A.B. asks: 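Got a structure for you, questions after.
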Protein chains: 2
Amino acid sequence: MTEDQHPDDPLRLDRQICFPLYAASNLINRLYRPVLSKLGLTYPQYLVMLALWEQAPRTVGALGEALYLDSGTLTPLLKRMEQAGLLTRKRDPEDERRVQVDLTSEGRALKAEAQRVPETLTAGFEGDPADVEDLRDSVQALVATLSRHTRGPAD
Amino acid sequence: MTEDQHPDDPLRLDRQICFPLYAASNLINRLYRPVLSKLGLTYPQYLVMLALWEQAPRTVGALGEALYLDSGTLTPLLKRMEQAGLLTRKRDPEDERRVQVDLTSEGRALKAEAQRVPETLTAGFEGDPADVEDLRDSVQALVATLSRHTRGPAD
DNA sequence: TTCATTTATATTGCACACAATTTAATTGCT
DNA sequence: AGCAATTAAATTGTGTGCAATATAAATGAA
């Protein structure tokens, strides 16, 4: 009972830009999982570590801006990472509304263990590394556009 | 307490290909949500409808192959869509292990309502439509590569 | 035929994401 | 100073995603 499928039907799955991005994100999560689980991290937790290795301490809000996530996602995630001993969460004495997230020495030390994660995972990508960089830059540009349209998490 | 950040540090957030894909996927979900909620759909439910509008009935496994999802994700999602009256789930009499998912007349009728969803959402993308198509094709190629590495959901 | 193996889906447990709401602290207007 | 408006996080409730496991049906080798 196959529906007739016109080649220019705007609802064709293979004409969507959203679907390959969705699928790629899921596949990447699946690919990273076994590698990151050895470090005791999930994929979004890994992103938080990348952000903090670049700059720490940071407020929950600043982390959310960097990763395009809101406190509804970050708060429980950061609590789990705090439990794991990777970071600390402290109210900012300057402004008690803010929470400063900082790395523990254990969290800083984990960076050494993570050094080989990117190459491990891009090793099998096959294809010109320059093409991958072009793709990355294109998706980054798309993210910049999209983020302008959604004015941050939860509007 | 900012860490020193070398320009060629492989762990820099802006050097990752994974992160913009992750961020784009989240942002797209957020952008689609208000539009799709008017149709009574979530984003992954919309993808299931796109797949079924192209071909129905389909088994759970065939849907999973098309969308890169496994039964752990699809089963509860399809049950909710069945409750909503969009589709039916029936054991295949030919092979009782399989479940055939088919559209109801309500599910088929929803396609008319969804016709304008893609243009509504790409309207604000600003930029050459050809560039968006190039990006789509590049990400599709990446998905094809990634799916070869992960041998399907749950390996 | 019998029964171990394989296959298709469902279930369980855990960790996100996000809208909406709540709580608490700060700002700003008067 | 007093207080309404704003801001930053946390909480609540729903819906994914996925690994691991369970269940049940079909397959296949002896």
Side-chain angles (χ1 to χ4, degrees), chain A residues 22-37 40-48 58-65 67-84 89-101 150-155, chain B residues 22-37 40-48 58-65 67-84 89-101 150-155:
Chain A
Y22 166 84
S25 182
N26 287 345
L27 288 168
I28 283 175
N29 189 338
R30 232 173 284 163
L31 196 62
Y32 271 75
R33 187 181 297 258
V35 178
L36 293 179
S37 77
L41 294 173
T42 65
Y43 180 68
Q45 290 173 7
Y46 173 66
L47 293 180
V48 167
R58 282 161 97 129
T59 63
V60 172
L63 277 173
E65 215 170 308
L67 302 178
Y68 304 98
L69 296 172
D70 69 1
S71 71
T73 300
L74 282 174
T75 296
L77 191 153
L78 293 171
K79 282 184 177 174
R80 281 186 286 270
M81 296 177 76
E82 186 182 36
Q83 281 303 306
R89 295 160 62 249
K90 274 200 276 287
R91 287 279 166 187
D92 185 344
E94 299 292 305
D95 183 342
E96 291 279 346
R97 290 172 305 179
R98 288 199 286 257
V99 167
Q100 294 288 352
V101 180
T150 55
R151 289 210 267 297
D155 230 25
Chain B
Y22 165 85
S25 183
N26 286 345
L27 287 168
I28 283 175
N29 190 339
R30 230 174 284 163
L31 196 63
Y32 272 75
R33 188 182 297 257
V35 178
L36 293 178
S37 77
L41 294 173
T42 65
Y43 180 67
Q45 289 173 7
Y46 172 67
L47 293 180
V48 167
R58 283 161 98 129
T59 64
V60 172
L63 277 173
E65 214 169 308
L67 302 178
Y68 304 97
L69 295 172
D70 69 0
S71 71
T73 299
L74 281 174
T75 296
L77 192 154
L78 293 171
K79 282 183 177 175
R80 280 187 286 271
M81 296 177 75
E82 186 181 35
Q83 282 302 306
R89 294 161 63 248
K90 274 201 275 287
R91 286 283 164 184
D92 185 345
E94 299 292 306
D95 183 341
E96 290 279 345
R97 292 171 304 179
R98 289 199 286 256
V99 168
Q100 294 288 350
V101 180
T150 54
R151 290 212 270 297
D155 233 26

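Since the structure is predicted, the reported quantities are computational estimates derived from the model, not experimental observations. Every chain is numbered from 1, with letters handed out A, B, ... down the list of sequences.
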A.B. asks: Go through the structure and list residues passing side-chain contact (heavy atoms from CB on, under 4.5 Å) with B:R33, not counting sequence neighbours.
C.D. replies: B:N29
A.B. asks: Please give, in whole Å, the distance from D:dT23 P to B:E96 CD?
C.D. replies: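 Interatomic distance, CD of B:E96 to P of D:dT23: 19 Å.
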A.B. asks: For the pair made of CD in B:Q83 and P in D:dG15, what is the distance, rounded to whole Å?
C.D. replies: 11 Å
A.B. asks: Any chance you could list the contact pattern along nucleotides 1-8 of chain C? Use B for base contacts, S for sugar-phosphate-only contacts and - for none, protein heavy atoms under 4.0 Å, 5' to 3'.
C.D. replies: ------BS
A.B. asks: If the condition is side-chain contact (heavy atoms from CB on, under 4.5 Å), which residues does B:A62 pass it with, not counting sequence neighbours?
C.D. replies: B:R58, B:T59
A.B. asks: List in chain and number order the residues that pass ring pair (Phe, Tyr, Trp, His ring centres under 6.0 Å) with A:Y46, two or more places apart in sequence or in another chain; answer none if no residue qualifies.
C.D. replies: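 With sequence neighbours excluded, A:Y46 shows a ring pair (Phe, Tyr, Trp, His ring centres under 6.0 Å) to A:Y32, given in chain and number order.
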A.B. asks: So does A:K79 get a side-chain nitrogen or oxygen closer than 4.0 Å to the phosphate oxygens (OP1/OP2) of D:dA9?
C.D. replies: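 So the side-chain polar atoms of A:K79 never come under 4.0 Å of the phosphate oxygens OP1 or OP2 of D:dA9.
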A.B. asks: B:T75 side chain N/O closer than 4.0 Å to the phosphate oxygens (OP1, OP2) of C:dA10?
C.D. replies: yes
A.B. asks: Search all heavy atoms of B:V60 against all heavy atoms of B:L74 and return the closest pair with its distance.
C.D. replies: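 B:V60 and B:L74 have their closest heavy atoms at O-CD1, 3.7 Å.
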A.B. asks: I need the CG-C1' distance between B:L78 and D:dG15, as an integer number of Å.
C.D. replies: 13 Å
A.B. asks: In Å and rounded to the nearest 0.5 Å, what is the CG to CG distance from B:L47 to B:L77?
C.D. replies: 9.5 Å
A.B. asks: According to side-chain contact (heavy atoms from CB on, under 4.5 Å), who are the partners of A:A23, at least two apart in sequence or on a separate chain?
C.D. replies: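 So A:A23 forms a side-chain contact (heavy atoms from CB on, under 4.5 Å) with A:F19, B:Y68, B:V143.
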A.B. asks: Please confirm whether any donor atom in the side chain of A:S71 sits under 3.5 Å from an acceptor in the base of D:dA8, or the reverse.
C.D. replies: no
A.B. asks: Nearest-Å distance, CG (B:D92) to C1' (C:dT9)?
C.D. replies: 13 Å
A.B. asks: Using whole Å, report how far CG of A:L31 lies from C1' of D:dA19.
C.D. replies: 15 Å
A.B. asks: Over how many whole Å does the gap from A:E94 atom CD to D:dA8 atom C1' extend?
C.D. replies: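 The answer, rounded to whole Å, is 16 Å.
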A.B. asks: Are any protein N/O atoms closer than 3.5 Å to N/O atoms in nucleotides 14-17 of chain C? If there are, list each pair with its distance.
C.D. replies:
{"unit_1": "C:dC16", "atom_1": "OP1", "unit_2": "A:T42", "atom_2": "OG1", "d": "2.6"}
{"unit_1": "C:dC16", "atom_1": "OP2", "unit_2": "A:Q45", "atom_2": "NE2", "d": "2.8"}
{"unit_1": "C:dC16", "atom_1": "OP2", "unit_2": "A:R80", "atom_2": "NE", "d": "2.8"}
{"unit_1": "C:dC16", "atom_1": "OP2", "unit_2": "A:R80", "atom_2": "NH2", "d": "3.1"}
{"unit_1": "C:dC16", "atom_1": "O5'", "unit_2": "A:R80", "atom_2": "NH2", "d": "2.9"}
{"unit_1": "C:dA17", "atom_1": "OP2", "unit_2": "B:Y22", "atom_2": "OH", "d": "2.4"}

A.B. asks: Quick one: list whatever passes salt bridge (Lys or Arg N to Asp or Glu O under 4.0 Å) with A:D92, sequence neighbours left out.
C.D. replies: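 So A:D92 forms a salt bridge (Lys or Arg N to Asp or Glu O under 4.0 Å) with A:R98.
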A.B. asks: Which is more 5' along DNA chain D, the nucleotide nearest A:Q100 or the one nearest A:L27? Just name the residue.
C.D. replies: A:Q100
A.B. asks: For the pair made of CG in A:L74 and P in D:dT12, what is the distance, rounded to whole Å?
C.D. replies: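 Computing the A:L74:CG to D:dT12:P distance gives 18 Å.
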A.B. asks: Can you list everything that forms a side-chain hydrogen bond (donor to acceptor under 3.5 Å, both in side chains) with A:R97? Sequence neighbours excluded, please.
C.D. replies: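 A:R97: side-chain hydrogen bond (donor to acceptor under 3.5 Å, both in side chains) contacts with A:D95.
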A.B. asks: Just to verify, what does A:E82 make a side-chain hydrogen bond (donor to acceptor under 3.5 Å, both in side chains) with, not counting sequence neighbours?
C.D. replies: A:R89
